[in-house]
Amino acid sequence: MRKAWENHIRKVVPYVPGEQPKETNIIKLNTNENPYPPAPGVLQALKELDTELLRRYPDPAASELVNAIAEFYGLDEAQVFVGVGSDDVLAMAFLTCFNSRKPILFPDITYSFYDVWADLFRIPYETQPLDSDFQIRTEDYMRENGGIIFPNPNAPTGILKPIDEIEEIIRANTDVIVIVDEAYIDFGGKSAIPLLKTYDNLLIAQTFSKSRSLAGMRIGFLLGNPKLIRYVNDCKYSFNSYTMSQAAIRLGTEAIRDRAYFGQCTKKLIETREWAKVEFQKLGFTFADSMSNFVFVTHPDYAAEELFAALKEKGIYVRHFKKPERIRNYLRITIGTREEMEALFACLKQKIIIDR
Ligand SMILES: *Cc1c(COP(=O)(O)O)cnc(C)c1O
């Protein structure tokens, strides 16, 4: 029976993250984590972490990390906001930026957290359908709205939108905030960061979870103009002053300082992705040309659900979204190490060639 107090509870349908299985000897290609360890300096800093500092509250501004990010991108510290993964900074950005009665716009097939935050914060929204090739159509973002958000490259399609089309959307919407979620931009895409010079309505979100191998540390950040970043900070300080742990500040700083290691890892991953595309093609899969650390594939003769189950049985985890209907027959497969991908293809060959 429904209790009287339940009438005044905020009810939401939560986001469902990918599985994090407890078994250790599996090949995990389901949540777009980086297959390589974090930079050597991160492991060193972890060993040297001053436990005396754990007794104290961390720096609420996380200045060490903010400065390191600003330095990496050649921006001012006042243009950087950090949080507990980009999920945290995006939620804070929604709360800060999307307060219009007009609906915010985002694609119908995209990161499935956007509609969850919109519902949580009671933000009206309208989804814009991707075209038949899963492309975001620029003209859909030229109508009246209360703000815009989309990932570039988009998830789970992996498709990169050219930077001039991104600029077109930002230029046509200077009365609202346009958030570009660049979770996967380091895998070969062109960032919108240079556009920050021209447009004060642009907010960019990035994360340490994918290209910097620190999903477990929970670090994300926003880049924007100082005034907008100040507004986001005001909301953050009205919610939780100490979002970044001492460990996250220290290890994140070491991660972003090592440009060479970052370059090597992303280069290796891109090479594996391009090789994997050829292998998928040989097996008869079709997919959009991904510029991220995953490929979104479908096969004309095999149901995605069936392939998902066959892979899982062999201890290989990939992601299958049951909704929306249009992507039901697709699998989103994270690019792992070359060895992990070889195991994946061996298993797929078993199913597709030998079973035939
Ligand atoms: C992974 C991902 C995020 C969130 O990553 P965090 O681990 O919270 O930093 C945000 N947006 C997109 C599109 C993602 O794929």
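Atoms within each ligand, like the ligands themselves, are counted from 1 in listed order.
When each atom of ligand 1 is checked for a heavy atom of Arg218 under 4.0 Å away, the hits are 6 (P), 7 (O), 8 (O). In the vicinity of Ser209, heavy-atom distances shorter than 4.0 Å reach the ligand 1 atoms 6 (P), 7 (O), 9 (O). Below 4.0 Å from some heavy atom of Lys210 lie the following atoms of ligand 1, by number and element: 1 (C), 2 (C), 3 (C), 4 (C), 5 (O), 14 (C), 15 (O). Of all atoms in ligand 1, listed by their number and element, those nearer than 4.0 Å to a heavy atom of Gly85 are 8 (O), 9 (O).
The side chain of Tyr184, and not its backbone, has at least one atom closer than 4.0 Å to an atom of ligand 1 (non-hydrogen atoms only; side chain from C-beta on).
The side-chain hydrogen bond (donor to acceptor under 3.5 Å, both in side chains) contacts involving residues 16-25 comprise Glu19-Lys312, Gln20-Lys28, Gln20-Glu33, Glu23-Tyr317, where partners must be two or more places apart or lie in separate chains.
Side-chain contact check for Lys323 and Ser112: no donor-acceptor pair (N or O, by modelled atom type) lies under 3.5 Å. Side chain to side chain, Asn201 and Thr174 fail the donor-acceptor criterion of an N or O pair below 3.5 Å. Side-chain N/O atoms of Tyr114 and Asp181 include a donor and acceptor closer than 3.5 Å.
In this structure Val42 satisfies the side chain to side chain contact (heavy atoms under 4.5 Å, CB included) test together with Pro38, Ala39, Leu214, Leu251, Glu254, Ala255, sequence neighbours excluded.
In terms of polar-atom proximity, Ser86 is counted as a contact of ligand 1, with an N or O under 3.5 Å from an N or O of the ligand. Taking any N or O of Tyr114, backbone or side chain, none lies under 3.5 Å from an N or O belonging to ligand 1.
A salt bridge does not link Lys268 with Glu271: none of the charged nitrogens is closer than 4.0 Å to a carboxylate oxygen. Comment: Glu306 engages Lys351 in a salt bridge, judged by a side-chain N to carboxylate O separation of less than 4.0 angstrom.
Using a 4.0 angstrom heavy-atom cutoff, Phe113 does not count as in contact with ligand 1. Within the 4.0 Å heavy-atom cutoff, Asp181 counts among the residues contacting ligand 1.
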